[in-house]
Structures are given as structure tokens and as C-alpha cells.
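Below, all heavy atoms of this structure are taken into account, side chains as well, without hydrogens, waters or symmetry copies. Please read all numbers here as calculations on a predicted model, not as lab measurements.
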Amino acid sequence: MQTPRCWFAAVVLNNAIYAIGGFDGKQFLKSVEKYNVDDDTWVYVENMNKEKYGHAACVAQNKIYVVGGGDSIECYDDQTDKWSVVGETEVSLAGHSMVAV
């Protein structure tokens, strides 16, 4: 990765690994990096709208969903390279897991 990060979430979408948000030792992050398996490179994609750490992520319907690290729910579309806030939780969440069913 280009940015050191802990407390981030990771998912696989379309043969790429995404490292999402986290903490770099100085600040909480809204940056997202994508690892391209085919050419062994890390590239930045569009930032999330809000910094997140201790959040969870999963892939559903070919999009990345991130919940927690605060109270917002964000969705990433790799076709447009855009994040959108699609909802919020009733309480702030951290240190949880999620899975698409």
C-alpha cells in the first residue's frame, strides 16, 4: 500500500483488493487504495465522504458497502469511481463485522 493504515476494512471486488479508510498513526483516513492483482500495483481510488476507522465492509450487487466508523453508510461504485452516502445507523458503530447474504 502507499499509505500505512491500521483499523481499515478490506474487500475483494472484480479481482482487486480494496483497503478502505483506517488510521495512519496520525489521522483517521477517508482514502481508499486498490490492489490490482494482474499487474501487482496499488492505486488510489476516490476518497470516501467521511473518515472511517473500525468500520466494516462487504460487497453486494457488485458495489462496496461500508458501515460504521461513525454513523454513515457509504457505497462505492467501481464503474464510476464514486462514493455516495446511502444511509446512516442509529448509533455509531466500530469493531463489528458484516457480510452480504
Practice task
Enumerate the residue pairs fulfilling salt bridge (Lys or Arg N to Asp or Glu O under 4.0 Å) with a member in residues 46-65, sequence neighbours excluded, ordered by first and then second residue.
Solution key: none
Handout entry: side-chain contact (heavy atoms from CB on, under 4.5 Å) partners for T80, two or more places apart
Key = D77, K82
Side-chain donor-acceptor distances from residues 88-100 under 3.5 Å, at least two apart:
residue	atom	partner	partner atom	Å
T89	OG1	D71	O	3.4
T89	OG1	V91	O	2.5
H96	NE2	V67	O	3.0

Completion exercise
Between P4 and L29 the two heavy atoms that sit nearest each other are O-CD1, 4.3 Å
Completion exercise
So ring pair (Phe, Tyr, Trp, His ring centres under 6.0 Å) across residues 48-68, not counting sequence neighbours, yields F28-Y53
Practice task
Report yes or no: do W42 and F8 belong to one cluster of Ile/Leu/Val/Met/Phe/Trp/Tyr joined by side chain heavy-atom distances under 4.5 Å?
Solution key: yes
Completion exercise
side-chain contact (heavy atoms from CB on, under 4.5 Å) filter on I17, not counting sequence neighbours, yields V12, Y35
Practice task
Output yes when a side-chain donor or acceptor of Q2 lies under 3.5 Å from a complementary backbone atom of E33, and no otherwise.
Solution key: no
Completion exercise
Taken to the nearest 0.5 Å, the spacing of N49 CG from C75 SG works out to 11.0 Å
Practice task
Run through the side-chain heavy atoms of Ile, Leu, Val, Met, Phe, Trp and Tyr, join any pair under 4.5 Å, and report what else lands in L13's cluster.
Solution key: V11, Y18, I20, V32, V45, M48, V59, I64, V66, Y76, W83
Problem - Inter- and intrachain pairs under side-chain hydrogen bond (donor to acceptor under 3.5 Å, both in side chains), touching residues 7-16, at least two apart - result: N14-D78, N15-D38
Problem - Sequence neighbours excluded, every pair satisfying side-chain hydrogen bond (donor to acceptor under 3.5 Å, both in side chains) that has a member inside residues 20-31 - result: R5-S31
